[in-house]
Amino acid sequence: DVMRVLAFLSLLVLLLTATPPAHAATPDKSRALIETMAQDAISTLALPDKTPAQIEEKFRTILNTSFDFEAIARFVLGRYWRVATPEQQAEYTKLFEAYVVGVYANRFQAYSGETINVTGVRMDGETALVTSQINLTGGRPPVVVDWKVTDGPDGKPRVTDVIIEQVSMSLTQRSEFASIIANGSGKVETLLAQLRARTAGKTSTANAGSKSPG
């Protein structure tokens with residue numbers, strides 16, 4: 001009867017809302033991802049005879065194994081991803097990877113013994129927010145960095161955003177790219193041209209270690 005159907009539906013809703021999603025991130029896996037990634041990066045940065053090429057290759061590897069880079073790239077391009085042609089999407093993804101690797105590898109050229117400690121993990125739906133502290137040298141105050149982590153279809157955790165002192169790197173980059181495109185009459189080609197200039201000489205090297213866009 002109607003009451004039995006309603007009772008069944010109520011039970012079904014309760015079970016669905018109480019069961020965690022199949023690919024929800026977990027605190028332990030998310031914490032382990034950030035700790036392992038930090039140790040991996042520092043192992044290269046601490047080498048006394050490291051070269052810029054070694055640092056770039058390490059960051060490229062980390063980007064492709066620990067980050068959901070394709071999702072980040074699409075988010076950063078925002079609504080312009082939908083109006084870009086497949087060829088533009090492919091070139092943008094390649095250029096954006098080279099740009100990110102170049103920017104962050106350059107920032108870490110001056111590594112001088114900084115360390116990172118994971119201080120906590122909390123869940124926000126399917127996303128884990130891993131809080132960490134980068135301990136600077138020279139008596140400077142530490143920097144708080146949060147990492148948003150979700151699980152991909154393969155069940156492996158991936159970083160989807162980095163928040164430094166409460167500022168989202170993905171949102172910041174998205175705003176910058178949107179401004180560039182808007183100033184170019186809404187043409188994605190305007191952004192591609194700037195990224196080509198910023199990454200000149202780097203994209204051919206990046207192709208060897210990067211994933212093709214899906």
Side-chain angles (χ1 to χ4, degrees), residues 23 25 33 37 41 52-110 124-129 143 145-154 156-214:
H23 296 300
L33 171 68
M37 182 175 61
Q54 283 178 307
I55 296 177
E56 286 199 8
E57 185 56 35
K58 174 58 65 177
F59 273 89
R60 183 172 294 110
T61 299
I62 289 174
L63 189 68
N64 284 301
T65 58
S66 300
F67 286 72
D68 189 346
F69 179 72
E70 292 181 11
I72 294 172
R74 292 189 184 199
F75 174 83
V76 168
L77 193 57
R79 64 188 179 89
Y80 295 107
W81 177 268
R82 295 189 297 274
V83 301
T85 66
E87 293 76 15
Q88 287 177 323
Q89 291 174 352
E91 184 182 9
Y92 159 74
T93 303
K94 179 182 68 175
L95 290 169
F96 183 52
E97 177 187 322
Y99 171 69
V100 170
V101 169
V103 167
Y104 286 94
N106 183 63
R107 290 179 181 177
F108 283 93
Q109 294 289 347
D124 181 11
E126 298 182 32
T127 302
L129 189 67
V143 176
V145 179
D146 295 328
W147 312 78
K148 284 188 175 182
V149 180
T150 59
D151 273 9
D154 59 358
K156 296 181 180 179
R158 296 286 190 277
V159 175
T160 56
D161 195 10
V162 182
I163 304 169
I164 301 177
E165 296 290 354
Q166 300 184 345
V167 177
S168 164
M169 295 298 97
S170 292
L171 285 172
T172 299
Q173 196 66 71
R174 178 172 174 152
S175 177
E176 179 188 344
F177 283 4
S179 177
I180 291 172
I181 295 174
N183 289 334
S185 301
K187 296 180 179 179
V188 174
E189 175 59 32
T190 305
L191 173 64
L192 295 179
Q194 286 213 21
L195 288 177
R196 290 187 201 110
R198 295 183 188 185
T199 62
K202 295 182 180 295
T203 52
S204 59
T205 303
N207 285 340
S210 63
K211 298 183 295 183
S212 59

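The figures here come from the full heavy-atom set of this structure, side chains too, leaving out hydrogens, waters and symmetry mates.
With a 4.5 Å cut-off on side-chain heavy atoms, Phe75 and Asp68 do not count as touching. Taking 4.5 Å as the limit, some side-chain heavy atom of Phe69 sits within range of a side-chain heavy atom of Thr93. Between Lys187 and Ile181, the closest side-chain pair of non-hydrogen atoms is not below 4.5 Å. A 4.5 Å side-chain heavy-atom check between Ile72 and Phe67 finds at least one atom pair inside the cut-off.
Within the structure, the salt bridge (Lys or Arg N to Asp or Glu O under 4.0 Å) test picks out the following pairs touching residues 168-177 (sequence neighbours left out): Glu176-Arg198.
Listed for the Ser179 side chain is no donor-acceptor partner under 3.5 Å among the backbone atoms of Ser175.
For the side chain to side chain donor-acceptor pair (under 3.5 Å) test, residues two or more places apart in sequence or in another chain that qualify with Asp146 are Thr131. In this structure, Thr160 has no side chain to side chain donor-acceptor pair (under 3.5 Å) partners at least two apart in sequence or on a different chain.
What you find for Pro157 and Asp151 is that their closest heavy atoms are CA-OD1, 3.2 Å. The minimum heavy-atom distance between Glu97 and Asn64, with the atom names listed, is OE2-ND2, 3.6 Å.
Centroid-to-centroid, the aromatic rings of Phe177 and Tyr80 stay 6.0 Å apart or farther.
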Let me see the working for Glu91 and Lys94 under salt bridge (charged side-chain N to carboxylate O under 4.0 Å, His left out), right down to the final yes or no.
CA-CA 5 Å; Glu91 184 182 9; Lys94 179 182 68 175; 5.8 Å; no
When you look at Leu191 and Phe96, which way does the side-chain contact (heavy atoms from CB on, under 4.5 Å) test go after all the steps?
CA-CA 10 Å; Leu191 173 64; Phe96 183 52; over 6 Å; no
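No more than 12 heavy atoms of other residues, nucleotides or ligands shown are found within 6.0 angstrom of CD on Gln166. For Lys58, the NZ atom is densely surrounded, since the number of other residues' heavy atoms within 6.0 Å is greater than 12.
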